Undergrad: 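This structure is in structure tokens; I'll ask about it shortly.
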Amino acid sequence: MIAGIRNSGCEKQVWRHNDLVHLEELLEAADPETPKLIAFESVYSMDGDVADITAICDLADKYNAITYCDEVHAVGMYGPRGGGITDRDGVAHRVTIIEGTLGKAFGVMGGYIAADQVIVDVIRSYAPGFIFTTSLSPVLVAGVLASVRHLKQSSVEREGQQAAAAYLKRIMAEAGLPVMNSTTHIVPLMVGDPVKAKRISDILLAEYGVYVQPINFPTVPRGTERLRFTPGPQHSTEMMDELVQALCEIWERMEMRKAA
Ligand SMILES: *Cc1c(COP(=O)(O)O)cnc(C)c1O
């Protein structure tokens with residue numbers, strides 16, 4: 001999304017993360033006649049927090065702006081039909097453009113935007129990144145269609161994932177591990193040191209057979225390095241118990257601090 005904004009060559013202003021007061025200040029200061037687009041994500045991938053999409057759409061209406069919401073970390077996983085947070089919150093019709101991936105929850109590859117036909121046509125006709133790229137193969141599309149159709153009518157996976165994430169957050173907190181209390185399926189475990197984050201990830205894989213990537217700068221600010229867990233519906237409580245046991249052993253071995 002950031003690369004797209006840069007490529008557009010448009011003037012841009014960065015509003016502080018999820019800060020609607022700041023967003024309104026910027027909108028208020030702008031010329032009402034200037035075309036404006038508010039770009040944001042629904043579920044933020046590193047802290048697992050969520051944008052107040054209704055409030056953003058209210059501001060867009062008030063200040064004559066259109067909206068662009070990246071739902072990549074939410075499609076398939078939220079909403080009664082897996083449409084994302086906009087589906088869950090009943091605001092999909094108010095967002096001008098919704099971006100989703102066919103990777104991540106849908107488990108295949110590719111991506112899409114959803115918008116009114118005229119906007120889709122404009123992007124189809126003018127976006128070089130789209131025009132000069134090979135289209136998705138029929139094999140991928142068949143896989144995606146099966147995933148999308150399934151997740152439109154099945155919430156078993158969504159409920160399973162939410163239950164797994166809630167369980168993992170609870171047992172990490174009970175074990176005194178510095179888990180960040182997100183409101184989504186994203187479970188960040190704070191380390192606060194890039195070398196240690198990488199080392200913990202290496203030990204987990206080599207000694208415990210658990211794969212989790214360290215998240216370091218520049219993906220997150222320095223000092224907030226972390227491991228980011230995203231449990232799925234197939235992760236059993238036994239697996240998560242083992243994981244927390246392993247983390248406790250590693251925490252002790254590396255003489256890391258635990259919560260009281
Ligand atoms: C993964 C990701 C994308 C890109 O999705 P791909 O399908 O891998 O191209 C876009 N936005 C966010 C926030 C992501 O995390």
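One-based numbering, in listed order, for ligands and for the atoms of each. The analysis underlying the following values was restricted to heavy atoms, covering all of them including side chains, and did not include hydrogens, waters or symmetry mates. Fair warning: this is a prediction, and the values are worked out from it, not measured in the lab.
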Undergrad: Indicate yes or no: at least one non-hydrogen side-chain atom of His185 is less than 4.5 angstrom from one of Phe229.
TA: no
Undergrad: Under 6.0 Å from the CD atom of Gln153, do we count more than 12 heavy atoms belonging to anything else shown?
TA: yes
Undergrad: Examine the proximity of ligand 1 to His73 and report which part, side chain or backbone, both or neither, has a heavy atom under 4.0 Å away.
TA: side chain
Undergrad: Below 4.0 angstrom from a heavy atom of Gly110, which ligand 1 atoms are there? Numbered from 1 as shown, please.
TA: 7 (O)
Undergrad: Can a protein heavy atom be found under 4.0 Å away from atom 9 (O) of ligand 1?
TA: no
Undergrad: More than 12 heavy atoms of other residues, nucleotides or ligands under 6.0 Å from CZ of Arg94: yes or no?
TA: yes
Undergrad: For ligand 1, is any non-hydrogen atom under 4.0 Å from Glu41's backbone (N, CA, C, O), its side chain (CB onward), both, or neither?
TA: side chain
Undergrad: Answer yes or no: is there an ion pair linking Arg124 with Asp121, defined by an N-O contact shorter than 4.0 Å?
TA: yes
Undergrad: Could you tell me the residue and atom name of the protein heavy atom closest to atom 12 (C) of ligand 1, and the distance to it rounded to 0.1 Å?
TA: Asp70 OD2, 3.5 Å
Undergrad: Can you name the salt bridge (Lys or Arg N to Asp or Glu O under 4.0 Å) partners of Arg222, sequence neighbours left out?
TA: none
Undergrad: Quick one: salt bridge (Lys or Arg N to Asp or Glu O under 4.0 Å) partners of Glu207, sequence neighbours excluded?
TA: Arg253
Undergrad: Should one rank Lys104, Met46, Glu99, Glu71 by closest heavy-atom distance to atom 1 (C) of ligand 1, which comes out on top?
TA: Lys104
Undergrad: Please compare Ile2, Thr101, Val72 and report which has the shortest non-hydrogen distance to atom 7 (O) of ligand 1.
TA: Thr101
